[in-house]
**Student:** 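Below are the structure tokens for one structure; questions will follow.
In what follows, every chain begins at residue 1, and chains take the letters A, B, ... in the order their sequences are listed. Here the structure is a predicted model, which is why all the values come from computation and not from measurement.
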Amino acid sequence: MIPIKIIREDPEKIMETLKKRGKEFPLEELREIDKKWRKRKKEADKLRHKRNNIGEKIAEKKKKGKQAEEEIEKMQEIKKELEEKEEETKKLNHKREKLWMSLPNLLDSEVPKGETEEDNKEISKWGEKLERNFKTKTHLELARELNLIDEKASEVTGEGFYYLKNDLAMLGIALQKFTIDKLTEKGYELIEPPFMLREKIYKKATNVDKFKEDMYGVKDTDKYLIGTSEHPMAAMHKDEVYQKEELPKKYVAISPCFRKEAGTHGKYRKGLYRMHQFNKIEQFIVCKPENEEKYFKELQENAEEIYQELKIPYRVVILCGGDTPKTQAKTYDVEALMADGEYREIGSNSTSKDYQARRMNIKYEKEKYGEREYVYTLNNTGVATSRTMLAIMENHQNEKGEINIPKALQPYMNGKKKIKKK
RNA sequence: GGAGAGGUGGCCGAGCGGUCUAAGGCGCACGCCUGGAAAGCGUGUAUACCUCAAAAGGGUAUCGCGGGUUCGAAUCCCGCCUUCUCCGCCA
């Protein structure tokens with residue numbers, strides 16, 4: 001949510017962001033509706049003021065045991081008039097809120113122009129593509145050959161689902177525990193959030209498009225399965241006001257994620273890369289605005305440290321305007337080098353600044369009993385199991401068609417060093 | 001899933017159609033008192049939105065949420081959410 005003040009006083013600033021994102025938005029319509037709403041509200045407030053005044057008079061007369069016919073008649077008139085005004089105001093406000101909520105976040109100045117992922121800019125790179133003297137296999141080939149998946153899932157559940165078997169299932173658990181240990185050691189609080197949210201709340205956590213593209217609703221309820229634990233984590237702080245000493249709040253959240261991935265035709269969706277269900281360890285931070293940069297960096301470093309320990313070669317890119325999610329102000333993706341030589345996203349670090357906090361109404365007091373201000377929220381993948389496992393499989397396969405388990409994960413795999421054929 | 005009892009300000013807690021501009025207490029802030037403190041005394045103590053160039057000021061709303069009855073609702077009626085207690089079912 002963008003401050004209404006900016007919408008009213010500095011529409012140029014918003015147009016700039018919209019242009020950078022390449023998104024259309026009826027900004028003028030929103031401004032008009034807002035104007036009308038203010039006018040109607042003012043009128044309704046005045047009527048209520050009148051009503052309150054006369055009400056007092058009636059109370060006074062009645063108290064003295066007098067009749068107040070004249071006043072009551074007046075009140076009845078005001079009532080009719082007010083009812084009309086109120087209905088109009090309410091309608092306008094609904095429209096206004098709906099539009100206002102769908103206005104994307106202002107972009108950070110660092111975000112480059114551009115429409116598609118082609119325009120994302122590389123920031124850094126780590127690790128080298130391993131030179132191999134054998135023909136590399138895709139993760140899907142490896143998974144099939146090593147008896148790590150059962151594709152019956154596509155029949156019994158649908159495409160985009162797999163049964164993960166044996167050492168692959170174990171690898172997923174190992175990755176999660178490894179990441180949780182790492183982050184809790186750094187003082188992050190471990191949370192397992194609810195895996196569903198009420199629709200009403202969910203709409204505050206993310207933008208409307210996501211509902212069509214990604215969200216699974218739960219039949220006969222008002223609930224949706226979460227697409228990422230970022231959403232219940234933001235919701236956990238709804239309507240809270242923190243003391244400044246309480247910030248930052250740092251969390252590591254564990255949850256499965258459910259995504260329809262509708263409208264992703266043409267995107268890479270082979271094997272386990274784009275599943276409708278996967279597990280993810282998420283980092284989430286609530287902080288004061290002035291510390292945004294510091295914690296964005298911290299989250300980024302945490303993530304990179306993990307991939308480095310797993311010996312996954314990667315690069316970091318900053319997403320261009322068109323590719324940055326509507327709720328975020330700036331996003332860095334970590335892209336892992338895959339067997340085919342392409343870099344593909346495996347994690348994503350974002351700051352929403354106060355956009356999410358405004359929607360969820362999360363504030364802090366700058367001074368005790370002093371001025372209140374919205375907090376900033378940041379989120380970064382710790383590790384998404386499916387994509388990270390995929391990167392491990394493709395990068396750490398050997399000439400025998402086995403998978404070498406990264407050293408960092410071996411303790412979490414009961415000391416196992418390789419995933420071999422059974 | 002069934003039955004019952006609740007949800008009031010930062011917290012506790014009263015109020016059950018007009019004086020609620022929400023009693024009282026706790027907490028907090030400031031002041032007096034004190035060598036200093038405690039106690040005591042006094043004063044103040046919410047949020048959001050609208051208005052205003054801004055501040056001051058003014059207005060409106062808010063007693064879980066949403067409707068309704070009424071000239072007028074914290075108070076009456078209906079629906080929902082939620083907490084607690086008991087029963088049933090269950091990993």
**Student:** Can you check the A:Lys5 NZ to B:U51 P distance for me, whole Å?
**Tutor:**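 Nearest whole value for this atom pair: 12 Å.
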
**Student:** Could you give the distance separating B:U83 and B:G58 at their C1' atoms, to the nearest angstrom?
**Tutor:** 40 Å

**Student:** When you compare the side chains of A:Lys280 and A:Thr228, does any donor N or O come within less than 3.5 Å of an acceptor on the partner?
**Tutor:** yes

**Student:** Hey, are A:Tyr332 and A:Glu110 close enough side-chain-wise for a donor-acceptor pair under 3.5 Å?
**Tutor:**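 Yes, side-chain donor-acceptor contact under 3.5 Å.
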
**Student:** Can you work out whether A:Ala59 or A:Asp34 has the more 5'-proximal nearest nucleotide on RNA chain B?
**Tutor:** A:Ala59

**Student:** Atom CD of residue position A:Glu84 - does it have more than 12 heavy atoms of other residues, nucleotides or ligands inside 6.0 Å?
**Tutor:** no

**Student:** When both hydrogen-bonding distances must be under 3.5 Å and the geometry is Watson-Crick or G-U wobble, what is B:C89 paired with, if anything?
**Tutor:**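 The answer is none; no pair meets the criterion.
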
**Student:** Quick one: is A:His49 getting a side-chain N or O under 4.0 Å of the B:U60 phosphate, OP1 or OP2?
**Tutor:**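 Answer is yes, contact under 4.0 Å.
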
**Student:** Between B:A55 and B:A48, how many Å separate the two P atoms, rounded to a whole number?
**Tutor:**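 Comparing P positions in B:A55 and B:A48 gives a spacing of 14 Å.
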
**Student:** Between P on B:C28 and CD on A:Gln243, what's the gap in Å once rounded to a whole number?
**Tutor:**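 Rounded to the whole Å, the gap is 13 Å.
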
**Student:** Classify every nucleotide of nucleotides 62-77 of chain B by which part a protein heavy atom approaches to under 4.0 Å, writing B for the base, S for the sugar-phosphate alone and - for neither, in 5'-to-3' order.
**Tutor:** -----S---BS-----

**Student:** Side chain of A:Arg48 only, heavy atoms from C-beta on: which candidate in B:A61, B:C81, B:C50 is closest?
**Tutor:**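 When the side chain of A:Arg48 is considered, B:A61 is the closest of B:A61, B:C81, B:C50.
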
**Student:** Which base sits across from B:G31 as a Watson-Crick or G-U pair, both distances under 3.5 Å?
**Tutor:** B:C41

**Student:** Which base, if any, makes a Watson-Crick or G-U wobble pair with B:C65, both distances under 3.5 Å?
**Tutor:** B:G79

**Student:** Could you check which nucleotide pairs with B:U70 in any of the strands shown, counting Watson-Crick or G-U wobble with both distances under 3.5 Å?
**Tutor:**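 Partner of B:U70: none.
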
**Student:** Quick one: which of B:G18, B:C50, B:U60 gets closest to the side chain of A:Asn52?
**Tutor:**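 So the side chain of A:Asn52 is nearest to B:U60.
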
**Student:** Select base, sugar-phosphate, or nothing to describe what A:Arg358 touches, counting heavy atoms under 4.0 Å on all strands.
**Tutor:**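 Touches nothing.
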
**Student:** Determine the interatomic distance between P on B:A61 and the same-named atom on B:G42; round to the nearest Å.
**Tutor:**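 33 Å, rounded to whole Å.
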
**Student:** What is the distance, rounded to the nearest whole Å, between atom NZ of A:Lys46 and atom C1' of B:G59?
**Tutor:**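 Taking atom C1' of B:G59 as the reference, NZ of A:Lys46 is at 10 Å.
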
**Student:** If I pick the P atom on B:G17 and the same atom on B:A74, what distance separates them, to the nearest angstrom?
**Tutor:** 13 Å

**Student:** B:C49 P sits how many Å from A:Leu92 CG, rounded?
**Tutor:** 18 Å

**Student:** When you match A:Asp222 and A:Asn53 each to their closest nucleotide on RNA chain B, which lands nearer the 5' end?
**Tutor:**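 Its nearest nucleotide lies further toward 5', so the answer is A:Asn53.
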
**Student:** What integer number of Å spans the P atoms of B:G66 and B:U8?
**Tutor:**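 Comparing P positions in B:G66 and B:U8 gives a spacing of 16 Å.
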
**Student:** Work out how far the P atom of B:G6 is from that of B:U62, and round it to whole angstrom.
**Tutor:** 24 Å

**Student:** Distance under 6.0 Å and angle within 45° of the ring axis: does A:Lys363 meet both against A:Tyr374?
**Tutor:**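 Flagged: A:Lys363 positioned over aromatic ring of A:Tyr374.
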
**Student:** For nucleotides B:G7 and B:G15, find the distance between their P atoms and express it as a whole number of Å.
**Tutor:** 11 Å

**Student:** Would A:Gln176 and A:Tyr412 count as having a side-chain donor-acceptor pair, cut-off 3.5 Å?
**Tutor:** no

**Student:** Hey, is the side chain of A:Lys363 poking within less than 4.0 Å of OP1 or OP2 on B:A48, counting only N and O atoms?
**Tutor:** yes

**Student:** If you count the non-hydrogen atoms of other residues, nucleotides and ligands that lie under 6.0 Å from NZ in A:Lys204, is the total more than 12?
**Tutor:** no

**Student:** So, A:Tyr268 versus A:Tyr273, ring centres under 6.0 angstrom or not?
**Tutor:**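 Yes, ring centres under 6.0 Å apart.
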
**Student:** A:Asp239 has an atom CG; how far is it from atom C1' of B:A48, in whole Å?
**Tutor:** 12 Å

**Student:** Starting from P on B:C49, measure out to CD on A:Glu86 and report it in whole angstrom.
**Tutor:**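 A:Glu86 atom CD is separated from B:C49 atom P by 19 Å.
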
**Student:** Over how many whole Å does the gap from A:Trp37 atom CH2 to B:C49 atom P extend?
**Tutor:** 9 Å

**Student:** Would you measure the distance from the P atom in B:A23 across to the matching atom in B:A5 and give it in whole Å?
**Tutor:**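 Comparing P positions in B:A23 and B:A5 gives a spacing of 29 Å.
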
**Student:** Under 3.5 Å, is there a donor-acceptor pair linking the side chains of A:Ser350 and A:Asn379?
**Tutor:**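 No, no side-chain donor-acceptor contact under 3.5 Å.
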
**Student:** With a 4.0 Å cut-off, would you call A:Lys353 and A:Glu292 a salt bridge?
**Tutor:**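 Salt bridge: yes.
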
**Student:** Establish, yes or no, whether a centroid distance under 6.0 Å links the rings of A:His231 and A:Tyr224.
**Tutor:**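 Centroid distance A:His231-A:Tyr224: not below 6.0 Å, so no.
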
**Student:** May I have the distance from A:Lys35 (atom NZ) to B:U51 (atom C1'), rounded to whole angstrom?
**Tutor:** 16 Å

**Student:** Provide the Watson-Crick or G-U wobble partner of B:U21, both distances under 3.5 Å; none if there is no partner.
**Tutor:**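 Paired with B:U21, as far as the under-3.5 Å criterion goes, is no nucleotide at all.
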
**Student:** Quick one: look up who B:C26 pairs with, Watson-Crick or G-U, both distances under 3.5 Å, and put none if it's unpaired.
**Tutor:**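 Partner of B:C26: B:G10.
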
**Student:** Hunt down the Watson-Crick or G-U wobble partner of B:G4, both distances under 3.5 Å, from any strand shown, or write none.
**Tutor:**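 Here B:G4 is engaged in a pair, and the nucleotide opposite it is B:C84.
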
**Student:** Can you tell me the base-pairing partner of B:U60? Count Watson-Crick or G-U wobble geometry only, both distances below 3.5 Å, and say none if there is no partner.
**Tutor:**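 Partner of B:U60: B:A48.
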
**Student:** Quick check for you: among B:U51, B:U47, B:G18, whose closest atom lies nearest to any side-chain atom of A:Lys42?
**Tutor:**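 The listed nucleotide nearest to A:Lys42's side chain is B:U51.
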
